[in-house]
Amino acid sequence: IEEGYLTKIPSWEKFYQEWSKVRVDSLERFIIQLRTKITNQANTDKFDVAVDSTGFGVFGGSIWRFLKWSKSRVKKTSKLFRKIHIAISLPSRSIISIARSKSIDHDSVIFSKLWKNIPKRLISRIRRMYLDAAYWDEKIIGLLVQEEITPVIPPKSNSIDHGTSSHQDLIVRAIKNYPGLYKYNVKSEWRASVEHVFGLVKLKPLRITERKESSRAKALLLPFLCYNFVLYLQAMNIQNIN
């Protein structure tokens with residue numbers, strides 16, 4: 001559309017034919033390109049980041065399998081669910097990184113995929129990163145501190161201060177000595193920004209009925225692509241007005 005190649009609304013057959021040719025990694029790269037353009041429009045050199053994940057139901061497969069899972073009470077850890085992990089910039093709420101995983105994969109494990117999708121030029125501009133207790137991991141905290149990023153993350157309930165100078169022990173010690181410290185630093189409205197993005201994406205229930213795994217992945221990524229594209233158009237309009 002931007003380059004002028006699309007001059008009329010294509011037929012459904014033509015649209016589906018072109019959509020089937022699109023690769024999953026191409027959609028991920030497009031989201032990355034949009035987030036870079038949106039972030040570059042901001043005048044601030046530093047920004048914060050919030051990370052979280054959400055699940056989507058997958059309704060593909062045979063009726064027998066669906067009934068089997070229904071009788072055994074479908075759980076979010078079953079094969080009928082997929083997870084999308086995102087990292088958004090604050091306060092713009094644009095998606096700066098996205099990753100897919102199975103429902104049984106832990107959030108802390110997929111964090112490495114999110115991190116690899118963030119360009120180094122953006123990493124140097126991140127000031128703080130907001131995460132929940134699912135990302136309480138020594139490697140994640142050490143990585144953020146190494147990049148001079150302040151990790152704002154609550155310790156797990158069973159976390160123990162071993163009296164060492166490790167980053168995890170320092171955080172546990174600070175929260176223990178100053179109970180209101182995390183609540184003061186977390187900025188709940190910014191931490192909830194990820195849930196706001198998920199809420200916008202899920203305004204219309206997404207029914208994924210594709211049988212192929214690649215088609216399911218594209219169906220999962222599409223609403224997030226549209227979300228970033230809307231932010232991109234808004235940023236371009238503001239730039240033209242100024």
Side-chain angles (χ1 to χ4, degrees), residues 19-32 34-35 49-88 94-118 129-141 143-144 151 153-154 156-158 191-228:
W19 172 250
S20 60
K21 297 178 182 178
V22 176
R23 297 172 55 89
V24 176
D25 53 354
S26 298
L27 287 180
E28 293 178 342
R29 285 198 302 269
F30 194 17
I31 296 176
I32 293 174
L34 288 175
R35 66 97 190 273
V49 172
V51 178
D52 207 347
S53 65
T54 189
F56 290 90
V58 177
F59 298 93
S62 63
I63 296 297
W64 175 84
R65 189 182 70 167
F66 181 77
L67 293 176
K68 178 182 178 181
W69 281 109
S70 299
K71 290 181 180 179
S72 60
R73 294 184 181 181
V74 178
K75 300 179 180 179
K76 289 188 177 181
T77 55
S78 70
K79 295 181 180 180
L80 295 179
F81 287 87
R82 294 293 186 273
K83 290 172 66 176
I84 291 292
H85 309 254
I86 63 172
I88 65 171
S94 60
I95 301 174
I96 67 171
S97 183
I98 189 168
R100 298 169 291 107
S101 73
K102 298 180 180 179
S103 57
I104 59 176
D105 294 334
H106 199 274
D107 291 350
S108 60
V109 177
I110 308 301
F111 179 82
S112 59
K113 295 183 179 180
L114 284 174
W115 183 262
K116 291 179 180 179
N117 289 335
I118 304 178
M129 184 169 289
Y130 297 87
L131 310 100
D132 57 26
Y135 299 90
W136 179 257
D137 184 86
E138 183 179 359
K139 294 181 179 179
I140 295 177
I141 297 176
L143 177 63
L144 296 179
I153 173 175
K156 291 184 178 180
S157 57
N158 59 350
R191 178 65 188 84
S193 297
V194 187
E195 300 298 336
H196 174 77
V197 175
F198 288 145
L200 291 177
V201 171
K202 291 185 174 182
L203 280 178
K204 183 178 181 181
L206 183 63
R207 290 186 59 87
I208 304 174
T209 58
E210 286 79 1
R211 300 180 66 90
K212 293 183 178 180
E213 187 63 30
S214 59
S215 299
R216 293 176 182 176
K218 290 191 292 184
L220 286 172
L221 292 174
L222 183 57
F224 295 94
L225 173 63
C226 295
Y227 171 83
N228 247 19

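Since the structure is predicted, the reported quantities are computational estimates derived from the model, not experimental observations.
Atom CD1 of Ile84 and atom CG of Leu220 lie 4.5 Å apart (nearest 0.5 Å). For the atom pair CZ (Arg29) and CG (Asn117), the distance works out to 11.0 Å, reported to the nearest 0.5 Å. To the nearest 0.5 Å, the span separating CG on Asp132 from CG on Asp107 amounts to 6.5 Å. Remark: Ile31 CD1 to Phe224 CZ distance equals 8.0 Å, nearest 0.5 Å. One distance of note links CZ of Phe30 with CG of Asn228; it measures 9.5 Å at 0.5 Å rounding. Atoms NZ and OG, from Lys218 and Ser20 in turn, are 6.0 Å apart once rounded to the nearest 0.5 Å.
Checked by atom type, the side-chain pair Lys202/Thr54 shows a donor-acceptor distance below 3.5 Å. A donor and an acceptor atom, one from each side chain of Asp137 and Ser108, are nowhere located under 3.5 Å apart.
Side-chain contact between Ile88 and Tyr130 is absent, with no heavy atoms from C-beta onward closer than 4.5 Å. Trp19 is listed as a side-chain neighbour of Leu222, based on a closest heavy-atom distance under 4.5 Å. Residues Ser53 and Ile110 have side chains not in contact (no heavy-atom distance under 4.5 Å, counting atoms from C-beta outward). Within the 4.5 Å cutoff, the side chain of Val197 has no heavy atoms near those of the Asp52 side chain. At least one side-chain heavy atom of Ile141 sits less than 4.5 Å from a side-chain heavy atom of Trp136. A heavy-atom distance below 4.5 Å is not found between the side chains of His85 and Lys113.
Around CD of Glu195, the count of heavy atoms belonging to other residues, nucleotides or ligands within 6.0 Å exceeds 12.
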The test is side chain to side chain contact (heavy atoms under 4.5 Å, CB included); show your working for Leu144 and Trp115 and say whether it passes.
CA-CA 10 Å; Leu144 296 179; Trp115 183 262; 3.6 Å; yes
Tell me, with the steps shown, if Lys83 and Asp105 meet side chain to side chain contact (heavy atoms under 4.5 Å, CB included).
CA-CA 9 Å; Lys83 290 172 66 176; Asp105 294 334; 5.8 Å; no
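Checked options Val51, Ile86, Leu131; the residue passing with Val194 is Ile86 (criterion: side chain to side chain contact (heavy atoms under 4.5 Å, CB included)).
A salt bridge links Asp25 with Arg23; the closest basic N to acidic carboxylate O contact falls under 4.0 Å.
The nearest pair of heavy atoms linking Ala87 to Val49 is CB-CG1, 4.0 Å.
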